**Q** 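First the structure, which I've put down as structure tokens, then a few questions once you've had a look.
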Amino acid sequence: MSKDKNTFYLTTPIYYVNDAPHIGHAYTTTAGDVLTRWHRQKGENVWFLTGTDEHGTKVQRTAEANNVEPKVWADKLVKEAWLPVLKTINAANDDFIRTTEQRHTKGVQAFWELVKKNGAVYEGSYEGPYCVGCEEFKLPGDLIKEDGQELCPIHSKPVEMLSEKNWFFKLKNYQQPLIDHYTKNPEAIQPPSAYNEVMAFLKQGLDDISMSRSAVSWGIKLPWDEKQVVYVWFDALLNYLTAAGFGEPEDSEAGKLFKRIWPIDVNLVGKDILRFHAVYWPAMLMAAGVEVPKCVFAHGWLLVGGEKMSKTKLTGIAPSQIVDYVGADAFRYYFLSAIRFGQDGSFSWEDLTARYTAELANGLGNLASREAAMIEKYFEAIVPKPGELTAADQVLVELIKSASKEADEAILKLDFSTGINAIKSIVEAANLYVTEQEPWKIAKDEANKERLATVLYCVAETLRAIAILYHPIMPESTAKIWNILGANESIGDIAKQKIENVGNWGQLPAGSKVIKGEAIFPRLVEDEQ
RNA sequence: AGCGGAGUAGCUCAGGUGGCAGAGCAAGCGGCUCAUAAUCGCUGUGUCGCGGGUUCGACUCCCGCCUCCGCUACCA
């Protein structure tokens, strides 16, 4: 590969600015955030990009309906809807690109100019059913059939066949190169079901595709034909490139960034937009002579009541509804642990509540709480110096090693639920350990002080490992655990702790000052939903 | 219609080159008291979508069927 192996560039799709953000959008961003935080804690040079897609007729139309310019409308939506979501779920993205930004429009024009120069764009005509009311072309599948006529579903008026001059991209030329590429690199589309879908699609043959629109004005003008704008998808997909500094001088800031991070390591997408990312997008890159992403990963949908969330059925749930209830950390934990990434999964408030209570409040939160209470009570809030480890203690030592390895392998493959499960097994083992060792009984005899110290040390040290491993998933709560352990002072910043070193026993120094504080995961009050 | 995925405990879902059906949650009982009425242990339940076939044996393999979902060229 052309870049340093120690860099990791991940993108989310850019979200269509006109939609109302719901937990499906937040789910994708959360997964990207957890994965990039994990890579950061592996000491890699990470770049995490997200953003908004702002062109197209829908935005143009709602802006008109609201009596403002499209850009003003988009500004408002970005500011009031999309940027706040990132805060809500606590995403640590490195950049946020908007397709109306100059760096993007400039990059898109340069890109297509290059592709045209390379001979992959030509002028042609597009013919299709056109609704005069909508002033746009319709898809055959969208039309309503009535009395032998085909009607526009919005205006219920007959459509007419119209043709317009368009510029076409020679997609067909890339059919074989794409098949070859994916045959050689089967890991480039994941999960395997997505791979199969794309391969089936490719093998049935590709046709050239119109890459410009003449009837739309809210878009990026073709540099060689100002009457046309770039078709939205062929504008939007390029954000990954323009945000990375494509086409900028090599010695500029942006140019250096591009050199450092390209190609994309993971193009994270929802399964509904897989084809655009696994077919059109790499074909465009091939046409421009740019290296294609290493992997596109299509995750599943969140189902509510067994169905895809929908605006018309009002099943869309805003991320803040959930975050207000359980907090950002639990939001992140819940969606990534309860649902297998890559498959569809059901969301329900009952399940969310049950898992929060069982796994976070009773499991992890209470473990920290009981440990802190005992260190306060028996050792004046100072982490004690351990004595010789027994076989029971060694179980924890070994488990941290094996579970962290398992979690690492799973999360690098974007199998978040398996990864989280592995970490959860450490929490469960620690709770079991405390119950079995019965430190409160040992404490009754002053002669056993050293054993008591050892037991409490083992639990504290285990909490250290758990906090580090869970940090990419629950940054705030793990920082609280870190604080309880007094680890900021005795070890340093939790975000700087390396995944690889988690299993090295004994990093939490005796003498660390423990602060019990408030419950990390307070019990839920059953008043919402 | 074609292709692909799915149908397993009350709920959410694992699993399996064919050999007494699994986890978590929920429910019940018991232990413990450091802790956020917490934690730990024990306990049940299933015609593994339907009908055939292969086999000593099928939830698993084969055939047919039913139901749900996705993809099948320009929807952002």
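Just so it is clear, the model here is predicted, and its values are computed rather than measured. Note on naming: letters A, B, ... go to the chains in the order of the sequence lines (proteins, then strands), and numbering restarts at 1 for each one.
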**Q** Rounded to the nearest 0.5 Å, how far apart are CG of L463(A) and CH2 of W482(A)?
**A** 10.5 Å
**Q** Look at T435(A) and G41(B) and indicate whether a side-chain polar atom (N or O) is within less than 4.0 Å of OP1 or OP2.
**A** no
**Q** In whole angstroms, how far is the C1' atom of C40(B) from the OH atom of Y433(A)?
**A** 15 Å
**Q** So does R98(A) pair up with D75(A), basic N to acidic O under 4.0 Å?
**A** yes
**Q** E359(A) side chain: which of C74(B), G24(B), C40(B) is closest?
**A** G24(B)
**Q** Select one nucleotide: of A76(B), C34(B), U36(B), the one nearest the side-chain heavy atoms of K377(A).
**A** C34(B)
**Q** Which whole-number value in Å describes the distance from L202(A) CG to A73(B) C1'?
**A** 11 Å
**Q** In whole Å, what is the span from the CH2 atom of W82(A) to the P atom of A76(B)?
**A** 16 Å
**Q** For RNA chain B, which ranges pair as stems of 3 or more consecutive Watson-Crick or G-U pairs, with both donor-acceptor distances under 3.5 Å?
**A** B:1-7 with B:66-72, B:10-13 with B:22-25, B:27-31 with B:39-43, B:49-53 with B:61-65
**Q** Report the nucleotide, chosen from C25(B), C34(B), A73(B), that has the shortest atom-to-atom distance to any side-chain atom of Y378(A).
**A** C34(B)
**Q** Distance check needed: C32(B) C1' versus K444(A) NZ, whole Å only.
**A** 10 Å
**Q** Just say parallel, tilted or perpendicular for the rings of Y122(A) and F168(A), cut-offs at 30° and 60°.
**A** parallel
**Q** My understanding is that only residues two or more places apart in sequence, or in another chain, count here; which of them pass ring-ring contact (aromatic ring centres under 6.0 Å, His included) with W112(A)?
**A** F169(A), F234(A)
**Q** Where the side chain of R523(A) is concerned, which of U36(B), U39(B), A73(B) is the nearest nucleotide?
**A** U36(B)
**Q** Salt-bridged, E64(A) to R61(A), with N to O below 4.0 Å?
**A** no
**Q** C34(B), OP1 or OP2 - any side-chain N/O from Q437(A) closer than 4.0 Å?
**A** no
**Q** Could you check how far CH2 of W167(A) sits from C1' of C74(B), rounded to whole Å?
**A** 18 Å
**Q** Can you figure out which of U39(B), U36(B), C69(B) approaches the side chain of S369(A) most closely?
**A** U36(B)
**Q** Out of A73(B), U36(B), C40(B), which nucleotide sits closest to the side chain of A519(A)?
**A** U36(B)
**Q** Choosing from G70(B), U39(B), A76(B), which nucleotide comes nearest the side chain of N431(A)?
**A** U39(B)
**Q** Looking only at side-chain atoms of S346(A), point me to the closest of C40(B), U33(B), C13(B).
**A** C13(B)
**Q** Among A73(B), C40(B), C34(B), which is the nearest nucleotide to the side chain of M374(A)?
**A** C34(B)
**Q** Return the nearest nucleotide to the side chain of W440(A); candidates are C74(B), C34(B), A76(B).
**A** C34(B)
**Q** So, is N196(A) close to the C3(B) phosphate, meaning a side-chain N or O under 4.0 Å from OP1 or OP2?
**A** no
**Q** Once the angle between the rings of Y333(A) and Y470(A) is folded into 0 to 90°, is it parallel (under 30°), tilted (30 to 60°) or perpendicular (over 60°)?
**A** perpendicular
**Q** In this structure, how many angstroms lie between the P atom of A73(B) and the CG atom of L206(A), rounded?
**A** 11 Å
**Q** U36(B), OP1 or OP2 - any side-chain N/O from K516(A) closer than 4.0 Å?
**A** yes
**Q** I need the full list of salt bridge (charged side-chain N to carboxylate O under 4.0 Å, His left out) pairs touching residues 444-458 of chain A, with sequence neighbours left out, sorted by first then second residue.
**A** D393(A)-R451(A)
